[in-house]
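Reviewing the structure listed below.
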Amino acid sequence: MTASNETGNLFSRRGFLMRSAKAGVSIAAACSAGYLFYDSGGAIAPREPEAVRLPDFALPGMKGRMSVVRGSDRVKSLRAALNGLGGLAAFIKKGDRVLLKVNAAFASPPALSATTHPQLIVETVRLCYAAGAASVVLTDNPINDPMSCFRLTGIEQAAREAGAELILPREHYFRSTSVPGGMLIQNWPLLYEPFKGITKLIGMAPVKDHHRSGASLGMKNWYGLLGGRRNMFHQNIHTIIQELALMVRPTLVILDGTFSMMTNGPTGGSLSDLKRTDTLIVSTDQVAADAFAARLLNKTTDDLPFIAKAAAAGAGTADYEDLRPVIIQAEG
């Protein structure tokens with residue numbers, strides 16, 4: 001073999017090794033990015049170069065509205081609460097595309113009140129269509145297997161019955177988002193696909209205890225929009241709830257306190273964890289709604305620091321009495 005051939009082979013081998021090393025670094029980096037988007041609840045989302053931000057779904061002329069209904073029948077209470085605010089038609093207009101962010105976090109039956117009750121979902125969807133909505137979709141990114149959660153909670157059947165589309169999380173449905181000035185939600189995966197084309201947003205959550213934050217209510221419900229290793233936020237739970245309230249500005253929130261989970265939240269698991277509190281809250285102010293719902297758990301806003309933090313950040317008011325909520329006693 002000539003010297004020139006030996007030299008050529010040497011450089012070829014070096015070039016191959018360098019290209020292989022660079023490829024290995026690129027693959028490792030890609031895997032690391034994918035790992036950051038991994039969620040034990042079933043979402044792996046590739047990092048997107050272009051960040052997104054959710055629009056403000058609140059209606060300027062409807063700020064600071066709240067209706068509280070006392071009653072044991074969820075459907076009647078919902079109708080009464082919405083009527084107390086002028087009816088759902090005051091919020092949903094012809095052609096609106098509505099997203100219901102439900103709580104389907106756990107694979108548990110509706111009777112345990114750990115998830116959004118299917119009766120409320122059916123009625124809300126029906127009322128949206130009656131108000132002229134062009135479409136209604138439901139979504140959540142559950143902790144457990146998504147399909148199992150939506151089925152066992154009765155939410156899948158409720159969506160089908162009411163004619164709504166159920167969007168399960170998929171890895172390519174997530175996009176990177178940041179909360180301006182936030183400490184935690186920075187370049188974090190957000191379940192963004194269901195929001196495409198959406199004009200109105202309604203959050204629907206049960207009233208329940210939470211072993212870390214003290215309560216899981218309307219603002220905590222947005223936690224289900226995050227992907228990635230979101231369990232790391234449990235170390236700073238009150239701050240993450242504050243940032244969620246800044247990330248998501250809903251049209252309405254509906255809090256179901258027909259039965260409130262008093263202990264062993266947020267999963268519960270026994271009817272003994274529940275107390276009949278016969279209350280349903282509908283509000284355009286998610287902070288005020290949470291502050292009122294705290295009473296059903298025998299807690300004050302001092303017991304739940306995330307409420308004061310969200311109010312201080314400008315997400316709403318902790319003084320629900322300042323809203324002069326409409327209090328209604330429902331029939332039945």
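Atom set for the values below is all heavy atoms of this structure, side chains included, hydrogens, waters and symmetry mates excluded. Bear in mind the structure is a predicted one, so any value in this text is a computation, not a measurement.
For Asp278, the salt bridge (Lys or Arg N to Asp or Glu O under 4.0 Å) partners at least two apart in sequence or on another chain are Arg276. With sequence neighbours excluded, the residues that form a ring-ring contact (aromatic ring centres under 6.0 Å, His included) with Tyr320 are Phe292. Among residues two or more places apart in sequence or in another chain, the ring-ring contact (aromatic ring centres under 6.0 Å, His included) test is passed with His211 by none. Under the rule for a ring-ring contact (aromatic ring centres under 6.0 Å, His included), Tyr192 has no partner lying at least two apart in sequence or in another chain. Residues meeting the salt bridge (Lys or Arg N to Asp or Glu O under 4.0 Å) test with Arg126, sequence neighbours left out: Glu123. Partners of Arg65 according to the salt bridge (Lys or Arg N to Asp or Glu O under 4.0 Å) rule, which considers only residues two or more places apart in sequence or in another chain, do not exist here. For Lys299, there are no salt bridge (Lys or Arg N to Asp or Glu O under 4.0 Å) partners two or more places apart in sequence or in a different chain.
In terms of hydrophobic clustering, with Ile, Leu, Val, Met, Phe, Trp and Tyr side chains grouped at heavy-atom distances under 4.5 Å, Leu280 and Leu85 are assigned to a common cluster. Phe106 is not connected to Leu100 by any chain of hydrophobic side-chain contacts under 4.5 Å among Ile, Leu, Val, Met, Phe, Trp and Tyr, and they are in different clusters.
Annotation: the span from Ser213 atom OG to Phe233 atom CZ amounts to 14.5 Å, rounded to 0.5 Å. Rounding to the nearest 0.5 angstrom, the gap separating the CD1 atom in Ile202 from the CD1 atom in Ile121 is 11.5 Å. Atoms CD1 and CG, from Ile198 and Leu99 in turn, are 5.0 Å apart once rounded to the nearest 0.5 Å. The structure places CG of Leu226 at 11.5 Å from CG of Asn231, a figure rounded to the nearest 0.5 Å. Here the CG atom belonging to Leu127 is positioned 6.0 Å from the CG atom belonging to Leu88, to the nearest 0.5 angstrom. To the nearest 0.5 Å, atom CG of residue Leu54 and atom CH2 of residue Trp222 are 9.5 Å apart.
Sorted by first and then second residue, the side chain to side chain donor-acceptor pair (under 3.5 Å) pairs with a member in residues 193-209 read Asp96-Thr199, Asp96-Lys200, Glu193-Lys196; sequence neighbours excluded. Screening residues 245-260 for side chain to side chain donor-acceptor pair (under 3.5 Å), with sequence neighbours left out, gives Arg74-Asp256, Asp256-Thr258, Ser260-Thr277.
Here the closest heavy-atom approach between residue Leu138 and residue Ala159 is recorded as CD2-CB, 4.2 Å. Minimum interatomic distance between Pro142 and Phe150 (heavy atoms only, all atoms of both residues): CG-CE1, 4.1 Å. Among all heavy-atom pairs drawn from Ala104 and Cys149, the shortest one is O-CB, 3.2 Å. The nearest pair of heavy atoms linking Leu152 to Pro110 is O-CD, 3.8 Å. Ala133 approaches Ile92 most closely through the heavy-atom pair CB-CG2, 3.9 Å. The two residues Leu297 and Gly214 make their nearest non-hydrogen contact at CD1-O, 4.5 Å.
The environment of CZ in Arg160 is crowded: more than 12 heavy-atom neighbours from other residues, nucleotides or ligands sit within 6.0 Å.
With a 4.5 Å cut-off between side-chain heavy atoms of Ile, Leu, Val, Met, Phe, Trp and Tyr, the cluster of Val69 takes in Val326, Ile328. Apart from Leu271 itself, the hydrophobic cluster it occupies contains Leu112, Phe259, Met261, Leu274, where clustering links Ile, Leu, Val, Met, Phe, Trp and Tyr at side-chain heavy-atom distances under 4.5 Å.
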Please walk me through it: do Phe195 and Phe57 pass side chain to side chain contact (heavy atoms under 4.5 Å, CB included)?
CA-CA 11 Å; Phe195 283 92; Phe57 293 102; 3.8 Å; yes

Checking Leu166 against Thr139 for the side chain to side chain contact (heavy atoms under 4.5 Å, CB included) test, could you report, in this order, the C-alpha distance in whole Å, the side-chain angles of both residues, the deciding distance, and whether it holds?
CA-CA 6 Å; Leu166 177 61; Thr139 199; 6.0 Å; no

Could you walk me through whether Phe306 and Asp290 pass the side chain to side chain contact (heavy atoms under 4.5 Å, CB included) check?
CA-CA 10 Å; Phe306 63 83; Asp290 278 13; 3.7 Å; yes

Leu190/Val52 under side chain to side chain contact (heavy atoms under 4.5 Å, CB included): CA gap, chis, key distance, verdict
CA-CA 9 Å; Leu190 166 73; Val52 296; 4.2 Å; yes

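Within the 3.5 Å criterion, the main-chain N or O of Arg70 finds a donor-acceptor partner in the side chain of Gln329. In this structure a side-chain-to-backbone donor-acceptor pair under 3.5 Å is present from Thr284 to Gly64. Remark: side-chain polar atoms of Asn103 are paired, donor with acceptor, to backbone N or O of Ala105 under 3.5 angstrom. The backbone N or O of Ala81 lies less than 3.5 Å from a partner atom in the side chain of Ser67, making a donor-acceptor pair.
In the model, Asp303 has a side-chain atom that pairs as donor or acceptor with a side-chain atom of Thr300 under 3.5 Å. Between the side chains of Asp273 and Thr263, a donor-acceptor pair is found at a separation under 3.5 Å.
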List the atom pairs, donor and acceptor, that lie under 3.5 Å between side-chain atoms in residues 240-247 and the rest of the protein, sequence neighbours left out.
{"unit_1": "Glu243", "atom_1": "OE1", "unit_2": "Leu184", "atom_2": "N", "d": "3.2"}
{"unit_1": "Glu243", "atom_1": "OE1", "unit_2": "Ile185", "atom_2": "N", "d": "2.8"}
{"unit_1": "Glu243", "atom_1": "OE2", "unit_2": "Met183", "atom_2": "N", "d": "2.6"}
{"unit_1": "Glu243", "atom_1": "OE2", "unit_2": "Leu184", "atom_2": "N", "d": "3.1"}

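Remark: Asp140 engages Lys101 in a salt bridge, criterion side-chain N to carboxylate O under 4.0 Å.
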